[in-house]
Amino acid sequence: MMLLIHGDNLTASRNYLNQFLAVAREKNQEIIRLDGEIVDLTGLKQALESQSLFSQEKLAVIEGLLSRKPSLEKEKIIGYLAGLEAAPALILWERKITTSSLIKKFGPKPQAKLFKIPALVFHFLDSVWPGNQTSMLKSLKLLKSLKTEAPELTFYLLSRRINQLILARDLGKAGLPKLA
């Protein structure tokens, strides 16, 4: 089984990954965690193909492999993973949305689970600007409906938006094209 967990909603995707890891611990599986930014093909083969001392089932988690800078080593690793027949359970975790063309490199094997930040969060953030008090009150209803989302995510995005508004005020019209 190969599972790709990706998306920009890091809290939800990380919680999903932690659920898999908790189930693996309950089943007494050996959990192998690899950093996709620095792993090489030899280290990956050793981790996946070696036998456990107590012949436990393995669950391999590779974080950040697909968002790694393009390189020959990355292509070799993807080719190796795509060609595995009898592989241990493998989870690829990415902090960004992975393109479908990159997912297709693995063939029909990977099951992909996408976690996106809901559009409702961005509607709320778009309503935050100076002089928008009346519509801001309406957006408080939006804020109440965001209770299902992680409050840390909403707080982070709101503080980033306020920082952007302060920069826009300080830089003026000349600096605005540099900001989104």
Side-chain angles (χ1 to χ4, degrees), residues 1-122 125 146-160 163 180:
M1 171 200 88
M2 185 184 296
L3 174 65
L4 171 62
I5 302 171
H6 63 115
D8 52 5
N9 192 342
L10 298 180
T11 306
S13 67
R14 201 55 138 162
N15 287 340
Y16 191 74
L17 174 64
N18 287 336
Q19 288 174 356
F20 265 93
L21 295 177
V23 169
R25 285 184 197 100
E26 288 175 8
K27 291 181 179 179
N28 201 23
Q29 288 182 320
E30 179 184 0
I31 299 172
I32 302 167
R33 296 186 85 139
L34 300 168
D35 184 357
E37 291 289 327
I38 59 173
V39 70
D40 60 343
L41 184 59
T42 307
L44 180 65
K45 282 183 179 181
Q46 287 176 351
L48 295 181
E49 295 176 2
S50 64
Q51 292 295 321
S52 173
L53 182 62
F54 302 108
S55 65
Q56 294 173 301
E57 287 185 40
K58 291 183 181 183
L59 172 65
V61 179
I62 305 173
E63 297 183 22
L65 174 67
L66 302 179
S67 56
R68 181 179 180 167
K69 291 181 182 176
S71 67
L72 184 60
E73 188 69 25
K74 176 182 172 182
E75 292 303 318
K76 286 179 185 178
I77 291 172
I78 290 174
Y80 169 74
L81 292 175
L84 283 176
E85 294 298 324
L90 179 65
I91 298 175
L92 299 172
W93 185 84
E94 296 295 325
R95 63 178 49 242
K96 296 179 182 177
I97 297 174
T98 305
T99 62
S100 58
S101 61
L102 191 54
I103 296 171
K104 287 179 184 176
K105 288 184 178 183
F106 291 100
K109 282 192 265 186
Q111 174 188 359
K113 183 77 171 162
L114 176 61
F115 291 91
K116 290 180 75 171
I117 297 174
L120 189 60
V121 174
F122 297 109
L125 293 173
L146 290 175
K147 286 184 179 178
T148 58
E149 297 305 316
E152 301 88 8
L153 174 69
T154 307
F155 179 74
Y156 167 74
L157 291 173
L158 180 62
S159 64
R160 190 174 79 177
N163 186 25

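Just so it is clear, the values below take in all heavy atoms, side chains as well, and ignore hydrogens, waters and symmetry mates.
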(request) Just grab all the salt bridge (Lys or Arg N to Asp or Glu O under 4.0 Å) pairs involving residues 91-104, residues at least two apart or on different chains. (result) none

(message) My understanding is that only residues two or more places apart in sequence, or in another chain, count here; which of them pass side chain to side chain donor-acceptor pair (under 3.5 Å) with T11?
(response) none

(request) Compare every heavy atom of G7 with every heavy atom of L10, then report the nearest pair and how far apart it is. (result) CD2-O, 4.0 Å

Please table the atom pairs, donor to acceptor, closer than 3.5 Å between any side-chain atom in residues 32-40 and protein atoms at least two apart or in another chain.
residue : atom : partner : partner atom : Å
R33     : NH2  : E63     : OE2          : 2.7
D35     : OD1  : E37     : N            : 3.1
D40     : OD1  : G43     : N            : 3.1

(message) With a 6.0 Å cut-off (strictly less than), is the heavy-atom count around OH of Y156, excluding the residue itself, greater than 12?
(response) no

(message) Using the side chain to side chain contact (heavy atoms under 4.5 Å, CB included) criterion, which residues pair with I97? Sequence neighbours excluded.
(response) H6, D8, L114, K116

(request) Kindly write out the residues that satisfy ring pair (Phe, Tyr, Trp, His ring centres under 6.0 Å) with Y16, not counting sequence neighbours, or none if the list is empty. (result) F20, F115

(request) Measure the NZ-CG distance between K76 and L81 for me, rounded to the nearest 0.5 Å. (result) 14.0 Å

(message) Please report the interatomic distance CZ(F106) to CG(L92), rounded to the nearest 0.5 Å.
(response) 5.0 Å

(request) Mind checking the CD-CG spacing from Q111 to L3? Nearest 0.5 Å is all I need. (result) 5.5 Å

(request) Apply side chain to side chain donor-acceptor pair (under 3.5 Å) to E73 and list each qualifying residue two or more places apart in sequence or on a separate chain. (result) none

(message) Nearest 0.5 Å, please: how far is CD1 in I31 from CG in L21?
(response) 5.0 Å

(request) Output all residues satisfying side chain to side chain donor-acceptor pair (under 3.5 Å) with T98, sequence neighbours left out; order by chain, then residue number. (result) none

(message) Per the salt bridge (Lys or Arg N to Asp or Glu O under 4.0 Å) rule, what does the pair list look like for residues 15-26, sequence neighbours excluded?
(response) none

(message) So, using side chain to side chain donor-acceptor pair (under 3.5 Å) as the criterion, who are the partners of N163 when residues are at least two apart?
(response) none

(message) If the condition is side chain to side chain contact (heavy atoms under 4.5 Å, CB included), which residues does K105 pass it with, not counting sequence neighbours?
(response) E75, I78, L102

(message) Looking at every non-hydrogen atom in both residues, tell me the closest pair between I77 and R68 and how far apart they are.
(response) CD1-NH1, 3.6 Å

(request) Taking side chain to side chain contact (heavy atoms under 4.5 Å, CB included) as the test, write out the residues that go with S100, two or more places apart. (result) none

(request) Determine the minimum heavy-atom distance between S50 and A47, stating which atoms define it. (result) OG-O, 3.8 Å

(request) State which residues pass side chain to side chain contact (heavy atoms under 4.5 Å, CB included) with K69; sequence neighbours excluded, sorted by chain then number. (result) none

(request) Give, for atom CG of L66 and atom NZ of K74, the distance between the pair rounded to the nearest 0.5 Å. (result) 6.0 Å

